[in-house]
Amino acid sequence: GLNEMLISYYKNPNLAFVNRIDKETSGMVIAAKTLPCARELSEEIRENRVDKRYDILVDGVVKNKKFTKSSYLKKTETGVIELSSYEQGAKESITHFEVVKIIGSKTLLIGQLDSGRTHQLRVQLSSMGHPIVGDKKYNPKTKTRKMLLHSYYLDIKKYNLKFELPIPDDFLNL
(Lines give C-alpha, C1' and ligand atoms only; values in the text may rest on other atoms or scores of the structure.)
Protein backbone atom coordinates (compact mmCIF):
# COMPACT_ATOMS: atom_id res chain seq x y z
CA GLY A 1 0.00 0.00 0.00
CA LEU A 2 0.88 3.67 -0.20
CA ASN A 3 1.70 3.83 3.52
CA GLU A 4 4.28 1.05 3.26
CA MET A 5 5.80 2.62 0.13
CA LEU A 6 6.27 5.99 1.87
CA ILE A 7 7.67 4.39 5.04
CA SER A 8 10.20 2.53 2.89
CA TYR A 9 11.05 5.59 0.77
CA TYR A 10 11.55 7.93 3.75
CA LYS A 11 12.99 5.15 5.94
CA ASN A 12 10.70 6.37 8.71
CA PRO A 13 8.50 3.81 10.51
CA ASN A 14 6.59 6.62 12.26
CA LEU A 15 5.16 8.06 9.04
CA ALA A 16 1.37 7.99 9.25
CA PHE A 17 -1.53 9.19 7.11
CA VAL A 18 -3.95 11.45 8.90
CA ASN A 19 -6.70 11.52 6.27
CA ARG A 20 -7.75 9.29 3.45
CA ILE A 21 -9.44 9.33 0.08
CA ASP A 22 -11.30 6.53 -1.65
CA LYS A 23 -9.19 4.19 -3.74
CA GLU A 24 -10.63 5.55 -6.99
CA THR A 25 -10.30 9.22 -5.94
CA SER A 26 -7.22 11.05 -7.19
CA GLY A 27 -5.37 13.86 -5.48
CA MET A 28 -3.85 14.74 -2.13
CA VAL A 29 -3.70 13.04 1.22
CA ILE A 30 -1.96 14.28 4.37
CA ALA A 31 0.83 12.34 6.06
CA ALA A 32 2.97 13.21 9.07
CA LYS A 33 6.56 12.21 9.79
CA THR A 34 6.03 11.92 13.55
CA LEU A 35 3.25 10.45 15.67
CA PRO A 36 2.75 13.67 17.71
CA CYS A 37 2.33 15.64 14.48
CA ALA A 38 -0.07 12.98 13.16
CA ARG A 39 -2.18 13.36 16.31
CA GLU A 40 -2.20 17.19 15.97
CA LEU A 41 -3.19 17.02 12.30
CA SER A 42 -5.88 14.43 13.03
CA GLU A 43 -7.37 16.78 15.63
CA GLU A 44 -7.29 19.68 13.16
CA ILE A 45 -9.23 17.57 10.65
CA ARG A 46 -11.67 16.25 13.30
CA GLU A 47 -12.38 19.83 14.44
CA ASN A 48 -12.97 20.98 10.82
CA ARG A 49 -9.97 23.31 10.83
CA VAL A 50 -8.55 21.91 7.59
CA ASP A 51 -10.15 23.18 4.38
CA LYS A 52 -10.53 20.26 1.94
CA ARG A 53 -11.88 20.80 -1.58
CA TYR A 54 -12.54 18.48 -4.49
CA ASP A 55 -13.04 18.80 -8.24
CA ILE A 56 -16.07 16.69 -9.18
CA LEU A 57 -17.62 15.91 -12.55
CA VAL A 58 -21.24 14.79 -12.22
CA ASP A 59 -23.93 13.57 -14.58
CA GLY A 60 -26.66 16.07 -15.36
CA VAL A 61 -26.92 19.83 -15.26
CA VAL A 62 -26.88 21.22 -11.71
CA LYS A 63 -29.13 24.26 -11.63
CA ASN A 64 -28.07 26.01 -8.39
CA LYS A 65 -24.78 27.90 -8.74
CA LYS A 66 -23.96 27.49 -5.02
CA PHE A 67 -25.66 25.20 -2.50
CA THR A 68 -25.09 23.30 0.72
CA LYS A 69 -26.07 19.69 1.29
CA SER A 70 -26.68 18.69 4.90
CA SER A 71 -27.75 15.16 5.74
CA TYR A 72 -26.90 12.12 7.84
CA LEU A 73 -24.84 9.26 6.46
CA LYS A 74 -24.92 5.74 7.83
CA LYS A 75 -22.72 2.79 6.91
CA THR A 76 -24.47 -0.43 5.95
CA GLU A 77 -23.18 -3.83 4.91
CA THR A 78 -23.29 -2.85 1.23
CA GLY A 79 -22.26 0.81 1.36
CA VAL A 80 -23.39 4.12 2.76
CA ILE A 81 -26.95 5.44 2.82
CA GLU A 82 -28.18 8.99 3.22
CA LEU A 83 -30.83 9.92 5.78
CA SER A 84 -32.70 13.20 6.14
CA SER A 85 -32.80 12.92 9.94
CA TYR A 86 -30.67 11.36 12.64
CA GLU A 87 -30.92 7.73 13.59
CA GLN A 88 -28.54 5.60 15.64
CA GLY A 89 -25.20 5.09 13.88
CA ALA A 90 -25.70 7.99 11.46
CA LYS A 91 -23.28 10.93 11.32
CA GLU A 92 -24.05 14.48 10.26
CA SER A 93 -22.49 15.34 6.89
CA ILE A 94 -22.25 18.86 5.48
CA THR A 95 -20.84 19.79 2.06
CA HIS A 96 -20.76 23.11 0.21
CA PHE A 97 -20.92 22.91 -3.58
CA GLU A 98 -20.27 25.42 -6.33
CA VAL A 99 -20.83 24.98 -10.05
CA VAL A 100 -17.68 25.74 -12.02
CA LYS A 101 -18.88 24.91 -15.51
CA ILE A 102 -21.64 23.12 -17.41
CA ILE A 103 -20.11 20.77 -19.99
CA GLY A 104 -22.86 19.41 -22.24
CA SER A 105 -24.95 17.09 -20.08
CA LYS A 106 -22.43 17.14 -17.20
CA THR A 107 -21.48 19.63 -14.50
CA LEU A 108 -18.06 20.40 -13.05
CA LEU A 109 -18.36 21.19 -9.34
CA ILE A 110 -16.15 22.14 -6.46
CA GLY A 111 -17.07 20.36 -3.23
CA GLN A 112 -15.87 21.72 0.12
CA LEU A 113 -16.25 19.41 3.10
CA ASP A 114 -17.35 20.57 6.56
CA SER A 115 -17.24 16.93 7.64
CA GLY A 116 -15.32 14.03 6.20
CA ARG A 117 -17.52 10.96 6.14
CA THR A 118 -17.00 7.79 4.16
CA HIS A 119 -18.31 8.29 0.59
CA GLN A 120 -19.79 11.66 1.61
CA LEU A 121 -19.52 13.40 -1.77
CA ARG A 122 -20.44 10.27 -3.67
CA VAL A 123 -23.62 9.52 -1.68
CA GLN A 124 -24.85 13.10 -1.37
CA LEU A 125 -24.49 13.83 -5.08
CA SER A 126 -26.00 10.51 -6.13
CA SER A 127 -29.03 11.09 -3.89
CA MET A 128 -29.54 14.46 -5.62
CA GLY A 129 -29.69 12.73 -9.01
CA HIS A 130 -26.20 13.92 -9.98
CA PRO A 131 -23.91 10.94 -9.43
CA ILE A 132 -20.18 11.30 -10.01
CA VAL A 133 -19.04 10.30 -13.49
CA GLY A 134 -17.22 6.96 -13.28
CA ASP A 135 -18.50 6.03 -9.81
CA LYS A 136 -19.39 2.38 -10.27
CA LYS A 137 -20.88 1.99 -6.78
CA TYR A 138 -23.32 4.93 -6.72
CA ASN A 139 -23.63 5.45 -10.49
CA PRO A 140 -23.84 1.89 -11.87
CA LYS A 141 -24.90 3.10 -15.35
CA THR A 142 -21.67 5.06 -15.82
CA LYS A 143 -19.63 4.21 -18.88
CA THR A 144 -16.51 6.10 -17.80
CA ARG A 145 -13.79 3.82 -16.42
CA LYS A 146 -12.29 6.29 -13.94
CA MET A 147 -14.17 8.08 -11.18
CA LEU A 148 -13.81 11.83 -11.76
CA LEU A 149 -13.37 12.93 -8.15
CA HIS A 150 -10.12 14.73 -7.32
CA SER A 151 -8.83 16.07 -3.98
CA TYR A 152 -7.21 19.27 -5.26
CA TYR A 153 -6.95 21.68 -2.31
CA LEU A 154 -5.83 21.51 1.32
CA ASP A 155 -5.43 24.46 3.68
CA ILE A 156 -3.98 23.54 7.08
CA LYS A 157 -4.51 26.83 8.90
CA LYS A 158 -2.62 25.92 12.09
CA TYR A 159 0.60 25.56 10.10
CA ASN A 160 -0.23 28.20 7.47
CA LEU A 161 0.13 25.55 4.75
CA LYS A 162 -1.86 25.57 1.52
CA PHE A 163 -1.58 23.03 -1.28
CA GLU A 164 -3.36 23.08 -4.62
CA LEU A 165 -3.22 20.77 -7.62
CA PRO A 166 -4.44 21.63 -11.14
CA ILE A 167 -7.55 19.97 -12.46
CA PRO A 168 -6.63 16.62 -14.05
CA ASP A 169 -6.58 16.37 -17.84
CA ASP A 170 -9.11 13.50 -17.83
CA PHE A 171 -11.75 15.87 -16.39
CA LEU A 172 -11.20 18.30 -19.24
CA ASN A 173 -10.81 15.69 -21.98
CA LEU A 174 -14.25 14.25 -21.31
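The first residue in the sequence is number 1, and the count goes up from there.
Residue K146 is tested with D170, D169, D135 for a salt bridge (Lys or Arg N to Asp or Glu O under 4.0 Å); the sole match is D170.
Between the side chain of K136 and the backbone N or O of R145 there is at least one donor-acceptor pair closer than 3.5 Å. Between the S8 side chain and the E4 main chain, no donor and acceptor come within less than 3.5 Å of each other.
Under the 4.0 Å criterion applied to side-chain N and carboxylate O atoms, E44 and K157 are not assigned as salt-bridge partners. Look at E82 and K69 and you find a salt bridge, because one of the NZ, NE, NH1 or NH2 atoms lies within 4.0 Å of a carboxylate O, short of that distance.
In this structure, K91 places its NZ atom where only 12 or fewer heavy-atom neighbours from other residues, nucleotides or ligands lie under 6.0 Å away. Within 6.0 Å of NZ in K162 there are 12 or fewer heavy atoms belonging to other residues, nucleotides or ligands. For K75, the NZ atom sits in a loose shell: 12 or fewer heavy atoms of surrounding residues, nucleotides or ligands are nearer than 6.0 Å. Residue F67 places its CZ atom among more than 12 non-hydrogen atoms of other residues, nucleotides or ligands, all under 6.0 Å distant.
Annotation: side chain of L125 is in contact with side chain of F97 (closest heavy-atom distance under 4.5 Å). T144 places none of its side-chain heavy atoms less than 4.5 Å from the side chain of L57. Annotation: side chain of L6 is in contact with side chain of F17 (closest heavy-atom distance under 4.5 Å). Taking the side chain as every heavy atom from C-beta outward, D51 and Y153 approach each other to under 4.5 Å. The shortest distance between side-chain heavy atoms of I132 and H130 does not fall below 4.5 Å. Looking only at side-chain heavy atoms (C-beta outward), R20 and T118 come within less than 4.5 Å of each other.
Ring planes of H119 and Y138: perpendicular class, angle over 60° (limits at 30 and 60°).
In this structure, I110 is not a member of the same hydrophobic cluster as I21, with clusters built from ILVMFWY side-chain heavy atoms closer than 4.5 Å. No continuous path of hydrophobic side-chain contacts links Y86 to I94 [ILVMFWY only; heavy atoms under 4.5 Å]. Linking Ile, Leu, Val, Met, Phe, Trp and Tyr whenever their side-chain heavy atoms come within less than 4.5 Å leaves L108 and V99 in two separate clusters.
Nearest heavy-atom pair across A31 and L15 is CB-CD2, 4.3 Å. For the residue pair I156 and V50, the shortest heavy atom distance occurs at CG1-CG1, 4.1 Å. Between H150 and F171, the closest heavy-atom pair is CB-CZ, 3.8 Å.
Between the side chains of Q120 and S115, at least one donor-acceptor pair of N or O atoms lies under 3.5 Å.
One finds the CD atom of E24 at 10.5 Å from the CG atom of L148 (value rounded to the nearest 0.5 Å).
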